[in-house]
Chemist: 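The structure under discussion is supplied below as structure tokens; questions concerning it will follow.
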Amino acid sequence: MARGLPSNAQLADQFELLADMLELDGADAFRLTAYRRAATRIRESAVPVAQLALDGKATRLSGIGTTIQNKIIEFSETGDLSAIAKLRDKLPAGLVEVMHVPGLGPKTARKLHSELGVQSAADLRSAAENGLLAGLPGLGPKSEEKILRALSKPKAGVTERGRVLLGRVLPAVERAVEELREHPAAERVSEAGSVRRRCETVRDLDIIATASDPSALTTHFAALPWVAEVVAQGSTKATVVSHDGLRFDLRVVPPESYGNLLQHFTGSKAHNVALREEAVGRKLSVSEYGVKNAETGDVFRAADEEELYAFLGYEWIPPELRENRGELAAARDGSLPRLVELGDLKGDLHSHTDWSDGRGTLEEMVLGARALGRRYLAVCDHAKRLKDGRLERQAEEIAALNGRVDGIEVLSGVEVDIRADGSVDVADEPLADRAWVMASVHSGFDKPRAELTRRIAAAMENPHVDCIGHPTGRKINRRDSYDIDFEALLEKAVETGTFLEINSQPDRLDLIDTHARAAAEAGVRIVISTDAHRVHELDYLGLGVAQARRGWLTADRIVNARPWQEVRKLMKGP
DNA sequence: GCCGTTTTCGGCCCGACTGTTTTCAGTCG
């Protein structure tokens, strides 16, 4: 892999900047859409798009044609885009931040520039404070006030603040849906929005319902015991905030268009836009209220999403796939994957106990796993905490536990550290005695790409290492992935027969969806495991399954969708 | 700028809300 190429994120940022500046310049709106769509495609790609472009293969990604491919090459080789440089001569660079102030857009930003000479957010603030805005055509005192309010909020709308981990909100939204279903006026109730798509973080929680008495349901909702604040409440819509700061939106909709509305409010936006674009080609106009035939004027309303997708010529698409990453084409030709489900998983291959940094005892963890229906549990305490014979003593205790606990098999696993030189912190012989070995990087995250890649590849070469734990090391909202040549590691994983983990911890979910998909396509087998450190964390497995589903994974790619005896056959030879 | 179940040219999602307007432009999701 060539060194010093721009990352996908850097490329995506360039094209978004280019689109913003073109928009300020008054360019054709469809060009902007094209650049923004390409930016998304690049950002979500699991492989380095700069390299793809240099190889002439970036045009294989939908939304990237030769013009954009050439711009990727230009940026990769020169570190700059002449198209952006040209626009910088025409427009002050600070105008982009003006345009991003909530409530403002390109047109208003341009007007502020031409009429008042505003060149930056700072200029905008002083213009507003001096009362200069209200005098402009199209703007009034309310706009001025709104702009000042937006500017006083530090970086509103730019940061990831306000997004909450899926693992935190999922129990809350499931409880809310349950409580609504219990009400006599409720008919159908479903989560919607990003939580239904199982995005790793979400902002608001959307719920869609039908009811015999809509206002009775919204009233019931606003009065639930966990509600701290009722932001808005009408007969068909209510917005509330829970005591722990989660914002819920309930919409009660007519039963005959429940399918249209649930589909619309589940999104994603990109999925809906693509769906509607495809429909336009067949003279159908799709909205949340129905599908209108442009020629006959007939409106099709769907009580179910299945009917809606079928009417438009698709299989029903699982919400986790609705990100405009090829699901529409697959649903049209009947080639959607049959996604893995929580019920497919037979065991959990990564857990900790109080032998290392876990909080539960060996027995508590095992009984907890059994209670959740797991048929096996690998205990993978950190090797560095199992020195001086403790590794062997734990194995004896695990054997004893297997003797007296029925219904679950306890595997004597271990989690070893991958050292800087790629070796692991347990010698071959004791490692060979363990039934299951996870190897993870726990230090030196900021080392250069080549070094980290070599390091993990070396661990994969170890004949006792079965699976790489949390392969990219990211922590959501806290730490980026470490810099690795992911493609090279996929090749190495296939070559050595090493599995990769989807770690189900709410702030890890590592591999992420796009990486997991690329791994499976490359032929790598995936382990979905909890990395549980306490009994209740054994329940996180569903989060890992959700991430796997977002990565298009089927049960046959998942190692622990098999009984332990079959897993052993997939593992590296003795 | 991209793309092809009608297209290599001529299209490109849809509706609500806001603030400013007397019929609409801009912004947002």
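A, B, ... follow the sequence lines: proteins, then strands. Residue 1 opens every chain.
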Chemist: Find the distance A/Leu312:CG to B/dT5:P and express it as a whole number of Å.
Modeler: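 Between P of B/dT5 and CG of A/Leu312: 16 Å.
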
Chemist: Is a side-chain donor-acceptor pair under 3.5 Å present for A/Asp80 with A/Thr78?
Modeler: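 No donor-acceptor contact under 3.5 Å links the two side chains.
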
Chemist: Side chains of A/Gln263 and A/Tyr309: any donor to acceptor distance under 3.5 Å?
Modeler: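 Yes.
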
Chemist: Take atom NZ in A/Lys111; do more than 12 heavy atoms of anything else shown fall under 6.0 Å from it?
Modeler: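 More than 12 within 6.0 Å, yes.
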
Chemist: OP1, OP2 of B/dC14 versus side-chain N and O of A/Ser285: anything below 4.0 Å?
Modeler: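 Indeed, a polar side-chain atom of A/Ser285 lies that close.
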
Chemist: From the set B/dG29, B/dG1, B/dG15, return the single nucleotide nearest to any side-chain atom of A/Lys269.
Modeler: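 Looking only at side-chain atoms, A/Lys269 lies closest to B/dG29.
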
Chemist: Which comes earlier along DNA chain B counting from the 5' end, the contact point of A/Leu139 or that of A/Arg332, where each point is its nearest nucleotide?
Modeler: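 Its nearest nucleotide being more 5', the pick is A/Arg332.
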
Chemist: Could you measure between the two C1' atoms, the one in B/dT18 and the one in B/dC12, and give it in whole Å?
Modeler: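 27 Å, rounded to whole Å.
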
Chemist: When rounded to the nearest 0.5 angstrom, what distance separates CZ in A/Arg301 from OH in A/Tyr289?
Modeler: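 Going from CZ on A/Arg301 over to OH on A/Tyr289, the span is 11.0 Å.
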
Chemist: Between P on B/dG10 and CZ on A/Phe30, what's the gap in Å once rounded to a whole number?
Modeler: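 That distance rounds to 15 Å.
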
Chemist: What is the separation between atom CG on A/Leu133 and atom C1' on B/dG26, rounded to the nearest whole Å?
Modeler: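 That distance rounds to 16 Å.
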
Chemist: Is any side-chain heavy atom of A/Leu339 less than 4.5 Å from a side-chain heavy atom of A/Leu321?
Modeler: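 In contact.
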
Chemist: Rounding to a whole Å, what distance do you find between A/Leu104:CG and B/dT18:C1'?
Modeler: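 Distance check: A/Leu104 CG to B/dT18 C1' gives 13 Å.
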
Chemist: NA contact type, A/Val286, heavy-atom cut-off 4.0 Å: base, sugar-phosphate, or nothing?
Modeler: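 Result for A/Val286 = sugar-phosphate.
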
Chemist: Under 3.5 Å for both donor-acceptor distances, Watson-Crick or wobble: does B/dT8 have a partner, and if so which one?
Modeler: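 No nucleotide pairs with B/dT8.
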
Chemist: Between A/Ser62 and B/dC3, does any side-chain N or O lie under 4.0 Å from OP1 or OP2?
Modeler: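 No, outside the criterion.
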
Chemist: Whole angstroms only, please: what is the CD-C1' distance between A/Glu278 and B/dG11?
Modeler: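 Between C1' of B/dG11 and CD of A/Glu278: 15 Å.
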
Chemist: Select one nucleotide: of B/dT20, B/dC14, B/dG1, the one nearest the side-chain heavy atoms of A/Arg31.
Modeler: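 Looking only at side-chain atoms, A/Arg31 lies closest to B/dG1.
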
Chemist: Suppose you measure atom P in B/dT20 against the same atom in B/dC28; what distance do you get, rounded to whole Å?
Modeler: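 These two P atoms come out 15 Å apart once rounded.
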
Chemist: Please measure how far the P atom in B/dT23 lies from the corresponding atom in B/dG29, and state the result in whole Å.
Modeler: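 To the nearest whole Å, 29 Å.
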
Chemist: Choosing from B/dG26, B/dG1, B/dT20, which nucleotide comes nearest the side chain of A/Lys107?
Modeler: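 Looking only at heavy atoms from C-beta outward on A/Lys107, the closest nucleotide is B/dG26.
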
Chemist: Select one nucleotide: of B/dT20, B/dT27, B/dG1, the one nearest the side-chain heavy atoms of A/Pro106.
Modeler: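 The closest nucleotide is B/dT27.
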
Chemist: Should the ring pair A/Trp226 and A/Phe221 be called parallel, tilted or perpendicular, given that the plane angle runs from 0 to 90° and is split at 30 and 60?
Modeler: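 A/Trp226 and A/Phe221: perpendicular rings.
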
Chemist: Could you tell me how far apart A/Arg251 (CZ) and B/dG29 (C1') are, to the nearest whole angstrom?
Modeler: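 The distance from CZ of A/Arg251 to C1' of B/dG29 comes to 10 Å, rounded to the nearest Å.
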
Chemist: Within less than 4.0 Å of OP1 or OP2 of B/dC2, is there a side-chain N or O belonging to A/Thr67?
Modeler: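 For B/dC2, OP1/OP2 do have a side-chain N/O of A/Thr67 under 4.0 Å.
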
Chemist: In terms of side-chain heavy atoms of A/Pro141, which of B/dC14, B/dC2, B/dT20 is nearest?
Modeler: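 Within the option list, the nearest is B/dT20.
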
Chemist: Choose from B/dT20, B/dG1, B/dT27 the nucleotide whose nearest atom is closest to any side-chain atom of A/Lys71.
Modeler: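 The nucleotide sitting nearest to the side chain is B/dG1.
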
Chemist: In terms of the nearest nucleotide of DNA chain B, which residue is placed more toward the 5' end: A/Asp28 or A/Glu144?
Modeler: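 Checking each residue's closest nucleotide, the 5'-ward one belongs to A/Asp28.
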
Chemist: Answer with yes or no whether A/Lys283 presents, from its side chain, a donor or acceptor under 3.5 Å of a partner atom in the base of B/dT6.
Modeler: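 It does, because a donor-acceptor pair links the side chain of A/Lys283 to the base of B/dT6 below 3.5 Å.
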
Chemist: Please state how far atom CZ in A/Arg36 lies from atom C1' in B/dC12, giving the value in whole angstrom units.
Modeler: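 From A/Arg36 CZ to B/dC12 C1': 15 Å.
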
Chemist: Roughly how many Å is it from CZ in A/Arg203 to C1' in B/dC28, rounded to a whole number?
Modeler: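 For the pair A/Arg203 CZ and B/dC28 C1', the rounded distance is 13 Å.
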
Chemist: Side chain of A/Lys142 only, heavy atoms from C-beta on: which candidate in B/dG19, B/dG1, B/dC14 is closest?
Modeler: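 Of B/dG19, B/dG1, B/dC14, B/dG19 is nearest to the side chain of A/Lys142.
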
Chemist: Using atom C1' in both nucleotides, what's the gap between B/dT8 and B/dG1 to the nearest angstrom?
Modeler: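 Rounded to whole Å, the distance is 14 Å.
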
Chemist: Can you figure out which of B/dG1, B/dC12, B/dT27 approaches the side chain of A/Thr108 most closely?
Modeler: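 For A/Thr108, the side-chain atoms sit closest to B/dT27.
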
Chemist: Nearest 0.5 angstrom please: A/Leu124 CG to A/Met99 CE, how far?
Modeler: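 Reported to 0.5 Å precision, the distance equals 14.0 Å.
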
Chemist: Would you classify A/Gly281 as touching base, sugar-phosphate or nothing, given that sugar-phosphate means primed atoms plus P, OP1 and OP2, and contacts are heavy atoms under 4.0 Å?
Modeler: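 Touches a base.
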
Chemist: What interatomic distance, in whole Å, is found between C1' of B/dT6 and the corresponding atom of B/dG11?
Modeler: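 It works out to 11 Å between them.
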
